[in-house]
*Asks:* 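Encoded as structure tokens, here's the structure I'll be asking about.
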Number of protein chains: 2
Amino acid sequence: MADTEPTPVPERKRGSGVKLVYDLLRDEILDLVLPPGSPVDEVQLAERFKMSRTPIREALVRLAGEGLIETLPNRSTMVSNIDFLNLHTFFDALVLMYRVTTRLAAQNHRREDLPIIRGLHEDYAAAVAARDTLAMIATNVAFHAAIAEAGRNPYFTGLFRRLLDEGRRILRLYYQSYEEQFPQRFVDEHAEMIAAIEARDIEGADRLGKAHAEQIVLQVQRLFSRNERLDIAL
Amino acid sequence: MADTEPTPVPERKRGSGVKLVYDLLRDEILDLVLPPGSPVDEVQLAERFKMSRTPIREALVRLAGEGLIETLPNRSTMVSNIDFLNLHTFFDALVLMYRVTTRLAAQNHRREDLPIIRGLHEDYAAAVAARDTLAMIATNVAFHAAIAEAGRNPYFTGLFRRLLDEGRRILRLYYQSYEEQFPQRFVDEHAEMIAAIEARDIEGADRLGKAHAEQIVLQVQRLFSRNERLDIAL
DNA sequence: TGCATTTTATTTGTCGACAAGAAAAATACA
DNA sequence: TGTATTTTTCTTGTCGACAAATAAAATGCA
């Protein structure tokens with residue numbers, strides 16, 4: 001009974017709480033640990049993270065700013081729904097950003113960008129080999145985000161990141177319900193993209209980015225249309 | 001002395017404070033009433049708006065999320081600088097979004113969109129006729145935002161709005177230092193764009209959007225390069 | 001005077017409490 | 001039993017106060 005330490009408090013540093021909550025909630029939303037429609041309760045989160053509602057609230061305001069949660073005034077907050085009816089607008093934007101960022105990377109990358117991109121390429125290949133779904137999704141996002149960074153246009157990078165994030169939720173659904181080893185194809189396409197970027201082949205990078213994106217879109221669309229038919233069949 | 005009402009408080013409604021502060025600060029930043037680098041003090045704003053720091057802080061978090069203000073941890077908050085060194089990335093993104101949104105409007109607009117767009121077109125023409133700079137900037141943004149809305153892709157619309165907002169600050173500089181009646185040309189180009197959209201001439205709308213955007217970019221670049229030379233001359 | 005150290009001031013970050021708004025539950029009434 | 005009304009509950013919105021972190025000012029010392 002000598003151990004009378006007041007409490008084994010996590011000892012967080014001032015200012016770190018918001019980021020902690022923001023990062024964690026964001027990942028939980030994008031990995032569908034918190035599926036669309038899940039209630040997000042400030043008091044509950046405050047208890048969970050052992051802090052007051054103020055920093056929780058700030059994290060939620062930021063998530064709302066990115067459209068990841070929705071707030072009904074005076075009433076409740078919940079994880080945003082995926083707008084399946086307008087998926088085509090998402091795909092349109094995604095394809096264009098794949099093209100633009102890959103093209104700009106071919107145009108503007110510096111030598112020091114390539115090792116980073118290659119490293120993430122290998123991470124993705126490893127995740128595919130290990131059949132680790134969550135790792136595949138995460139490393140794929142990181143790979144393309146790194147290409148976008150090498151393109152050096154923060155406006156495009158910003159939109160692309162948002163689209164890739166939203167895509168994490170959709171891909172999560174995809175991999176949950178669909179088993180196939182096609183990702184090897186993506187690994188090969190990634191390698192081609194790197195080659196085009198390194199060769200500063202702008203048109204080639206554009207073409208590969210477009211083809212790669214449309215490949216993904218097609219697969220996902222095929223899945224959803226099949227699911228629709230299944231729903232109707234029930 | 002019978003009038004002993006406690007205080008003639010503005011009587012704001014619960015939940016409206018954040019929006020009030022957010023909207024006002026946003027406009028003040030974009031109109032350069034608060035120039036880049038201006039300090040943004042929470043306590044001062046709380047006094048000015050007669051509310052506690054909590055809603056002020058929420059408005060600031062949102063503005064920071066859009067990159068309009070920057071926060072140094074534990075120290076200070078200030079209006080974001082305009083990144084003149086990387087203006088070309090801004091122009092690249094702006095031109096592409098002009099193209100994409102105008103193109104999509106030609107493709108996806110509904111009949112009820114056109115009267116709205118025409119109305120804003122006339123507002124812009126009126127502002128040009130009146131030589132009202134702030135009104136020109138504001139109505140121009142509203143006009144192109146309406147076209148983007150008619151294109152019905154929220155991802156593109158979102159990025160475009162951000163770019164147009166950032167453009168408000170740059171155009172404000174432009175009109176402050178540059179006097180010329182070229183805006184009439186923009187009025188004519190706007191009319192052409194409306195015609196292409198109405199005719200569902202997708203390629204034509206794309207071409208017009210691109211030309212229109214490049215026109216603006218060229219003028220602004222010319223101004224800045226002239227200013228640079230002036231700076232050097234001093 | 002020049003520099004290191006301590007003190008003060010200023011601004012943000014966090015907290016706990018209370019009030020308002022809206023939905024859900026309970027009650028009253030026919 | 002069915003509906004209108006009141007009460008309760010639950011969640012968010014706002015407040016005032018305090019603590020921590022940093023920069024600026026003041027002080028001490030050679």
*Asks:* Roughly how many Å is it from CG in B:Leu60 to P in C:dT11, rounded to a whole number?
*Replies:*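 So the CG-P distance, B:Leu60 to C:dT11, works out to 14 Å.
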*Asks:* Test of understanding: with side-chain contact (heavy atoms from CB on, under 4.5 Å), list the residues that count as partners of A:Asn74, not counting sequence neighbours.
*Replies:*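 Partners of A:Asn74 under the side-chain contact (heavy atoms from CB on, under 4.5 Å) test: B:Arg14.
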*Asks:* May I have the distance from B:Met51 (atom CE) to D:dG16 (atom P), rounded to whole angstrom?
*Replies:*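 Value for this atom pair: 12 Å.
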*Asks:* Would you call A:Glu47 and A:Arg53 a salt bridge, using N to O less than 4.0 angstrom?
*Replies:*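 No salt bridge links A:Glu47 with A:Arg53.
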*Asks:* Between C:dT14 and A:Thr54, is there an OP1 or OP2 to side-chain N/O distance shorter than 4.0 Å?
*Replies:*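 No.
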*Asks:* Would A:Arg118 and A:Asp123 pass as an ion pair if we require N to O under 4.0 Å?
*Replies:*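 No.
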*Asks:* D:dT14, OP1 or OP2 - any side-chain N/O from B:Ser52 closer than 4.0 Å?
*Replies:*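 No, no such contact exists.
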*Asks:* Between A:Arg62 and B:Glu58, does any NZ, NE, NH1 or NH2 come within less than 4.0 Å of an OD or OE carboxylate oxygen?
*Replies:*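 No salt bridge links B:Glu58 with A:Arg62.
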*Asks:* Grab the CD-P distance between A:Gln44 and D:dT9 for me, whole Å please.
*Replies:*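 The distance from CD of A:Gln44 to P of D:dT9 comes to 19 Å, rounded to the nearest Å.
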*Asks:* Looking at every non-hydrogen atom in both residues, tell me the closest pair between A:Asn81 and A:Gly37 and how far apart they are.
*Replies:*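 In this case the closest contact between A:Asn81 and A:Gly37 is OD1-N, 3.9 Å.
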*Asks:* In whole angstrom, what separates B:Ile56's CD1 from D:dG16's C1'?
*Replies:*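 Spelled out: CD1 on B:Ile56 to C1' on D:dG16 is 14 Å.
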*Asks:* In whole Å, what is the span from the CG atom of B:Leu45 to the P atom of C:dT11?
*Replies:*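 Result: 12 Å.
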*Asks:* Report yes if the side chains of B:Tyr22 and B:Leu68 come closer than 4.5 Å at any heavy-atom pair, otherwise no.
*Replies:*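 Side-chain contact under 4.5 Å: no.
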*Asks:* Just to be sure I understand the geometry, which residues of residues 15-28 of chain B put a non-hydrogen atom under 4.0 Å away from DNA chain C?
*Replies:*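 When residues 15-28 of chain B is checked for heavy atoms under 4.0 Å from DNA chain C, there are no hits whatsoever.
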*Asks:* Could you state the atom-to-atom distance from CD of B:Glu47 to P of C:dT11 in whole Å?
*Replies:*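 From B:Glu47 CD to C:dT11 P: 11 Å.
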*Asks:* Between A:Glu28 and A:Arg48, is there a salt bridge with N-O shorter than 4.0 Å?
*Replies:*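 Yes, A:Arg48 and A:Glu28 are salt-bridged.
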*Asks:* Within this structure, what is the CD-to-P distance between B:Glu70 and C:dT12, rounded to whole angstrom?
*Replies:*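 To the nearest whole Å, that distance equals 15 Å.
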*Asks:* Do the charged groups of A:Arg172 and A:Asp31 touch, with an N to O distance under 4.0 Å?
*Replies:*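 Here A:Arg172 does not pair with A:Asp31 in a salt bridge, since their nearest N and O are not under 4.0 Å apart.
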*Asks:* Treating primed atoms plus P, OP1 and OP2 as sugar-phosphate and everything else as base, which nucleotides of nucleotides 18-26 of chain D get B, S or - for protein heavy atoms under 4.0 Å?
*Replies:* -BBSBS---
*Asks:* At 4.0 Å (heavy atoms only), tell me whether B:Val61 reaches a base, stays on the sugar-phosphate, or touches nothing.
*Replies:*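 Since no nucleic acid heavy atom lies under 4.0 Å of B:Val61, the category is nothing.
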*Asks:* C:dT12 phosphate, OP1 or OP2: any side-chain N/O from B:Thr77 under 4.0 angstrom?
*Replies:*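 Affirmative; the distance criterion is met.
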*Asks:* Less than 4.0 angstrom from a charged side-chain N to a carboxylate O is my criterion; do A:Arg169 and A:Glu166 meet it?
*Replies:*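 Yes, A:Arg169 and A:Glu166 are salt-bridged.
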*Asks:* Can you tell me how far P of D:dT9 sits from CG of A:Asp41, to the nearest Å?
*Replies:*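 Between P of D:dT9 and CG of A:Asp41: 17 Å.
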